[in-house]
Amino acid sequence: MSKRDFKRTTVTAALPYANGPLHIGHMAGAYLPADTYVRYLRLKGDDVAFVCGSDEHGVAITLGAKKEGVTPQAFVDKYHALMKQAFADFGISFDIYSRTSSAIHRETSQDFFRKIDAQKLFVEDTSDQFYDEQEGIFLADRYIVGTCPNCGHDRAYGDQCEKCGTSLSPRQLINPRSAVSGNAPVLKPTKHWYFPLDRFEGWLKEWLLEGHRHDWKTNVYGQCKSWLEQGLQPRSITRDLDWGIPVPREDAKGKVLYVWFDAPIGYISATKELKGADWEKYWKDPDTRLVHFIGKDNIVFHCIIFPAMLKAEGSFILPDNVPANEFLNLEGDKISTSRNHAVWLHEYLRDFPGRRDELRYVLTSISPETKDADFTWKDYQQKVNSELVAILGNFVNRVMVLTHKYFEGRVPPAEELKGTTDKRKKVLAVYQQAHRDLDQSVAALIDSLENFRFREAQFQLMNMARTGNKFLADTEPWKLAKEDMDAVGAILNYALMVVGNLAIASAPFLPDGSEAIRQQLGVDLTTASRQFWTGKKLVEPVPAGHQLGQPVLLYKNVEDADIQPQLERLQKPKIANVEATANSVKPLKPTVTIDDFGKLDIRIGTVTAAEKMEKSDKLLKLTVNSGLDQRTILSGIAKQYTPEQMVGKQVTFIANLAPRKMMGIESQGMILMAEDQDGKLRLLQPNEAVNPGASVS
RNA sequence: GGCGAGGUAGCUCAGGUGGUUAGAGCGUUGGAUUCAUAACCCAAAGGUCGGGGGUUCAACUCCCCCCCUCGCUACCA
């Protein structure tokens, strides 16, 4: 896919955020495809740096630390260690797994900032931010909690409501409170630095939209196009926070780099840590190919923001490709950390010891390369049993067993079969067909790897084993053994050749199985492997006369009893969640006086007209006879009620609420609704009709 | 509402620039076989290619409208 030859490759995998353990969605999205690709490059003999590390800054970390009553450093230490171990145990073969709280990363990030700052590219701007007077700190969006204006959830964060998923800004919150002290924050001016993304829009359009129209995945390209056409805004790159990388400026005391700015620089820091003085080759030499493996949530950062940063800095190369994956679901539902609806990597490794290949195989076979995919345990069992075990494992095993049975485990000679008998003629024809099929599979396998089509590549690997099985079934050496041992020898020699090639071809996908086959064959595959991957064709890795080891089953069947506990485990949080939502009655708000209540003018009105708001999913424009007037009230109930349903209905509304303009139209009041646990809204109505304008008290 | 990505056999997916009976793997059913972890091999059944229009001699493939899923985004006083 690359347009030219590169001398080396720098491969990055998204830095996982250090606030929780890793699950299979992470693996399927970024780490497994990255690892498969890197293993392939290494086998080919390429110079490659595979870097990753923990992303350890940001407010979520400080919040998490506070919740657990530890320092942010202690908090990230814990999760960094957990993730690093899980990656290692699973066999993700990073050349380095670093972290962004390291000294080298602080220096790298600050250098990066200074380099851009020196060009006076950053924009300074002072704005009002929420400030906690008791604690004496500015509050990041995440540090502000309040009632969600959307769903009424009273513990929404300033950047997002986790209940309804709406993204928010702090000032939208009703009754904002500081998450630190619980007090109401005040607005106070503070200075911040902004990265002028807008100034790179033209350049990005040319580099990305024109330059990568054809070599990037459509989902990635389309998402970028969407962003670029919406227009880019300057992005704040600093925060008032005491956890993170200090902004290297005299006039920026107490400020740190915003986590999104320092995180991708972590790739560079990790490379420095790995390669020492040599690191620049991997980031600044135009002969280096840079590839980012990420999930789709990261597309905008890696395709737009980070490239713009690199471009601004000036001395770096740009990503050649960003093969982002879509999401992985689990048993039909989204993976959710908070609901514990996930298969955690460290738990899988504990519950299925020695079965890393099985998970790799299944995740690759359902890899969400073009659309969201679904992992189910039933599917896991079926794929392992009917493909890994029945096709690959079985083929290797039967070849080994046959060779031991007929030749005491010694590789028979590859004598050229003279087609003197009908049976020999048939064997020859079968052999020729098998060889053609295998050649095709190998070519397709490598071509697919080159183009980040790992699902297809792995399918071609299995095709090689299928061809092997068919070769045995069609030549029937167990029958020929009664009459023509030379022919049997020739057949098994070839079958062993296929097994050897399978050991080589499986290495990027199934590293454990690959090694297990190699051990059974008892050969060194280094040279043959290199020939295979660079020559893109079959090799002959098992010399005649060689003594094989004993056959050992590569994989075993997954029994119902193996997956049953996993399915039950996933049921539990679901039940718990249902109960939890059933009981989630909102806590009481602070006491108000009768005078406070008296300030509200609540009335009953009749809807005389209703229409759907243009360009809005949720808003209905209602005309309400309030007794005093006909007024316009906008209400976010379009998902519950059609305009037709609303006309003629009596509604309860706040009549003296300050008017508010929404989507160009002024709303003169607010319709009161009852909200269910599931978010459904219901009108509040008098149980018998009253006159419009009747007041509620 | 806007933008983007998808919607092809029970399941997972292929199907450059429109052209013979729409393909593969798994699953199902039947057959054959015994070297092999009841595995392998052969065969069959199974699809109105999300829906509706249109262009064309011809559309899964091009155009328009609509529906559904996922993501980003606007909006819910």
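Atom set for the values below is all heavy atoms of this structure, side chains included, hydrogens, waters and symmetry mates excluded. Lettering of chains follows the sequences in order, A, B, ..., and the numbering in each one begins at 1. Given the structure is predicted, the values throughout are model-derived calculations rather than measurements.
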Would you call the rings of [X] and [Y] parallel, tilted or perpendicular, where under 30° means parallel and over 60° means perpendicular?
| X | Y | value |
| --- | --- | --- |
| A/F352 | A/W377 | parallel |
| A/F375 | A/Y380 | tilted |
| A/F471 | A/Y431 | perpendicular |

Between [atom2] of [N] and [atom1] of [X], the distance in whole Å:
| X | N | atom1 | atom2 | result |
| --- | --- | --- | --- | --- |
| A/L480 | B/U34 | CG | C1' | 15 Å |
| A/F375 | B/C11 | CZ | C1' | 15 Å |
| A/K479 | B/C40 | NZ | P | 18 Å |
| A/F471 | B/U33 | CZ | P | 21 Å |
| A/E229 | B/A5 | CD | P | 10 Å |
| A/M462 | B/A24 | CE | P | 18 Å |
| A/R453 | B/C13 | CZ | C1' | 13 Å |
| A/D474 | B/C35 | CG | C1' | 14 Å |

Rounded [atom1] spacing from [N] to [M] in Å:
| N | M | atom1 | value |
| --- | --- | --- | --- |
| B/G46 | B/A5 | C1' | 29 Å |
| B/A39 | B/G27 | P | 8 Å |
| B/G19 | B/G4 | P | 26 Å |
| B/U17 | B/C60 | P | 14 Å |
| B/G6 | B/G15 | C1' | 16 Å |
| B/A22 | B/C68 | C1' | 23 Å |
| B/A44 | B/G7 | P | 28 Å |
| B/A45 | B/G30 | P | 15 Å |

Report yes if at least one side-chain N or O of [X] is closer than 4.0 Å to OP1 or OP2 of [N]; otherwise report no.
| X | N | result |
| --- | --- | --- |
| A/K371 | B/G71 | no |
| A/T475 | B/C35 | no |
| A/S386 | B/U37 | no |
| A/K217 | B/A5 | no |
| A/R398 | B/U34 | no |

Nucleotide nearest [X] (side chain, heavy atoms from C-beta), chosen from [options]:
| X | options | answer |
| --- | --- | --- |
| A/A390 | B/G71, B/C40, B/C3 | B/C40 |
| A/R466 | B/C41, B/C72, B/A77 | B/C41 |
| A/V401 | B/A77, B/A36, B/G71 | B/A36 |
| A/W478 | B/C13, B/C35, B/C26 | B/C35 |
| A/A473 | B/C3, B/C41, B/A36 | B/C41 |
| A/F459 | B/G71, B/A24, B/C41 | B/A24 |
| A/D372 | B/A36, B/C72, B/C70 | B/C70 |

Any side-chain donor-acceptor pair under 3.5 Å between [X] and [Y]?
| X | Y | answer |
| --- | --- | --- |
| A/E456 | A/N451 | no |
| A/E326 | A/N219 | yes |
| A/R466 | A/N469 | no |

Describe the nucleic acid contact of [X] in one word from base, sugar-phosphate, nothing, applying a heavy-atom distance below 4.0 Å.
| X | value |
| --- | --- |
| A/L619 | sugar-phosphate |
| A/K378 | nothing |
| A/N394 | base |
| A/L554 | base |
| A/T376 | nothing |
| A/Y555 | base |
| A/E476 | nothing |
| A/Q382 | sugar-phosphate |
| A/N557 | base |

Look through every strand shown and name the nucleotide pairing with [N] as Watson-Crick or G-U wobble, where both distances are under 3.5 Å.
| N | value |
| --- | --- |
| B/A77 | none |
| B/G6 | B/C68 |
| B/U33 | none |
| B/A24 | B/U12 |
| B/U55 | none |

Report task. Could you please spell out the steps behind the ring-ring contact (aromatic ring centres under 6.0 Å, His included) verdict for A/H435 and A/Y494? Result -> CA-CA 9 Å; A/H435 206 72; A/Y494 189 69; 5.6 Å; yes

Requested in this report: Check whether NZ of the Lys or CZ of the Arg A/K383 lies under 6.0 Å from the centre of the six-membered ring of A/Y361 and within 45 degrees of that ring's axis.
Outcome: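 No, a cation-pi geometry is absent between A/K383 and A/Y361.
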
Requested in this report: Please tell me if the side chains of A/F653 and A/I604 come closer than 4.5 Å, counting only heavy atoms from C-beta onward.
Outcome: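 Answer no - side chains too far apart.
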
Query raised in the report: Taking for each residue the nucleotide of RNA chain B bearing the nearest heavy atom, is the 5' side occupied by A/V389 or by A/T218?
Result: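 This one resolves to A/T218.
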
